[in-house]
Amino acid sequence: MSIEDPIPRFAQFKLVLLGESAVGKSSIVHRFVKDSFDDLRESTIGAAFLTQTIKLANDTTVKFEIWDTAGQERYKSLAPMYYRNANCAVVVYDITQLASLERAKNWIKELQRQANADITIALTGNKLDLEAEREVSTGEAQQYAIDNGLLFCEVSAKTGDGIRDVFYRIAEQLPVEEQIRSTMSRSKPRINLNKPSTNTDQGCAC
Amino acid sequence: MDENYDVIVLGTGLTECVLSGLLSVEGKKVLHIDRQDFYGGESASLNLTQVYNKFAPTRKPDQSLGKDRDWCVDLIPKFLMASGELTNILVHTDVTRYVEFKQVTGSYVYRDGKIAKVPANEMEALKSPLMGIFEKRRMKKFLEFVAAYKEDEASTHAGFDFDKNTATEVFYKYGLESGTKDFIGHAMALWSKDDYLQEPFRQTYDRLTLYFDSMKKFGGGKSPYLYPLYGLGELPQGFARLSAIYGGTYMLDTPIDEILYEGEGEDKKFAGVVTKEGTARAPIVIADPTYFPDRVSKTGERVIRAMCILDHPIANTAESDSLQIIIPQNQVGRKNDIYIAVVSSAHNVCAKGHYLAIISTVCETDRPHIELDPAFKVIGQTKDVLMGISELYQPLDSGSKNGIYISKSYDPSSHFETTTDDIKDIYTRVTGKPLVLQKRATAEEEEALAAN
Ligand SMILES: Nc1nc2c(ncn2[C@@H]2O[C@H](COP(=O)(O)OP(=O)(O)O)[C@@H](O)[C@H]2O)c(=O)[nH]1
Ligand SMILES: [Mg+2]
């Protein structure tokens, strides 16, 4: 490889959403990926949007592989698979529902139990457009975030306010350089079931 | 939550989760419940605390075994055939986006007190230490015959009718020794008993073809098997996620307080369930045998499984990080084969430097742990051994009258082919049509769509 060759600077991270039902997790993903909001959208059936890339400074692309709960949070039925190898989490509460912040704190404890120790967590208060109905003060939630070393944002999936910010701030915290280095050196012993090999490395006459 | 569903599914074993996933993708409204607080039922992978609680409640795992969540111990040891039906279902439903697989490094067979690699093809057969020089040639001839066989070309049939001639007759023509028959029948066709010898060769031929296709599928000629990172418990979780994404509702840790019926006597049919969350109604229930103990019978087979924790690879396996060892029944004077499935930290199922060897067989005596002795000799020193015996169950009826469709217990076979047979069978009974897999868009294709 010559020195002039542009080295692709690309890193991929798994991002999980957590929080009580109806706080707006799916709406946040929808806003981030499609930049739209649908009041009546039932649920995320067959969720098509699973990834979104963002560009950082110095030509670095960060791709989020986004896992929405698919409703499995409702009766506390998220599988260990959900947390496995998650690099970052957006833990959502609804600023108009005091109880939803308590639930968010429980999800953060669950993350500390089940996820990687170095996971980046953003505590996110949603429905900022409903300021008049606010039950959770910014100060209280922010203090909790500071005490626990979490990012903190307030957003509205409905208006789009603050949404991009959540993901850019997470991206800034992620170990992008490390990830780029390790993907370049990593050997791939894993198998892609969708692409059976055609090149058997030993002559097989069967 | 008092609601109506198309189907209620009880138990989150692999069979139930695959069915939930398939039915949800087709637009059925599914409610899926498990009384336990983890996914997988009888086919779960458990962490250290969970396995010790289940199999050795009076003991504690040794400190040196490391962190609880480094361990995913399969309750049912099996591998996927690379060209088998489960792989097919995984690819078609794109559940592969949630589960990563690795090829199992080796497939070994026990002969005359030693283990040796099962030849991957007729070339390897010529090099195998399993046979003497003349026997190798006979074996090669036999494998060439199988590889060249074409259904519609009589010249390739060597005068046999696979639907009439027995396996014994075919083997006889190639003059194979009994030890060679053992490893063709048991380590390649993966029969666990010798009944196949008296049956038409067709099924043995199909099984050999599956073995060789699987061997070739991902190249390398290592083994025909695949295994998921983090253990087999990932499979039910992956299919449950598929179901949830298509609208399925999941409730773990939810015991069934009452089963509701309508009608009387002959006409008594399933109508719903009551749980702490309320009443859910559906005309159909799919369940594992534990949810309907009076609607299942024992098959008469009991399976013993010994989960052995090792801190060394198995001797004479080139330090393989994963392998299957088959001890054909004849070799140790039994009626049923003994299987050993070995996986390791390379699959993120145990702490670094450790190996998990799971020995299993059908019990033939009152002291089944003694029956496992030849396998213990093969695996060598163990750090700990946990044992369990499970009774196998099957449904009393087809379910078409009462709307209660019950799965079979996971049998002692070394792969998932019988499990997928059960899945397809239940699917057909429930929907009235055979399962035709439709390709779901892959992650890449969805992304391309979303970008437009
Ligand atoms: N006013 C307002 N409503 C929102 C906002 N985000 C989500 N919602 C609504 O809250 C409800 C639940 O949203 P959803 O995204 O399904 O929540 P999830 O269960 O956490 O995924 C829906 O009716 C949304 O339309 C927001 O920012 N503002
Ligand atoms: Mg949602």
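Residue numbers begin at 1 in each chain, while the letters A, B, ... track the order of the sequences. We use all heavy atoms of the structure for the numbers below, so side chains are in, but hydrogens, waters and symmetry mates are not. Note that the structure is a prediction, hence the values are computed from the model and not measured.
Scanning residues 78-85 of chain A against chain B with a 4.5 Å heavy-atom cutoff picks out Leu78(A), Ala79(A), Pro80(A), Met81(A), Tyr82(A), Arg84(A), Asn85(A), ordered by number. Residues of residues 111-121 of chain A having a heavy atom under 4.5 Å from any heavy atom of chain B, listed by number: Arg113(A), Gln114(A), Ala115(A), Asn116(A). For residues 234-242 of chain B, the interface with chain A (any heavy-atom pair closer than 4.5 Å) comprises Glu234(B), Gln237(B), Gly238(B), Ala240(B), Arg241(B), sorted by residue number.
Using a 4.5 Å heavy-atom threshold, the side chains of Thr249(B) and Tyr75(A) count as touching. Contact check for Asp37(B) versus Lys76(A): no side-chain heavy atoms found under the 4.5 Å cut-off.
The contact between Leu229(B) and chain A is made entirely by side chain atoms (from C-beta outward), counting heavy-atom distances below 4.5 Å. With a threshold of 4.5 angstrom between heavy atoms, Tyr39(B) approaches chain A through side-chain atoms but not through N, CA, C or O.
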### Step-by-step side chain to side chain contact (heavy atoms under 4.5 Å, CB included) determination, Leu193(A) to Leu226(B)
CA-CA 10 Å; Leu193(A) 290 196; Leu226(B) 302 175; 3.3 Å; yes
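For residues 158-178 of chain A, every residue pair satisfying the ring pair (Phe, Tyr, Trp, His ring centres under 6.0 Å) rule, not counting sequence neighbours, is listed here: Phe32(A)-Phe167(A), Phe64(A)-Phe167(A).
Within 6.0 Å of the CZ atom in Arg69(B), the count of heavy atoms belonging to other residues, nucleotides or ligands exceeds 12. Heavy atoms from other residues, nucleotides or ligands lying under 6.0 Å from NZ of Lys141(B) number 12 at most.
Rounded to the nearest 0.5 Å, atoms CG (Asn192(A)) and OG1 (Thr96(B)) are 7.0 Å apart.
Smallest separation of non-hydrogen atoms from Leu252(B) and Ser77(A): N-OG, 2.8 Å.
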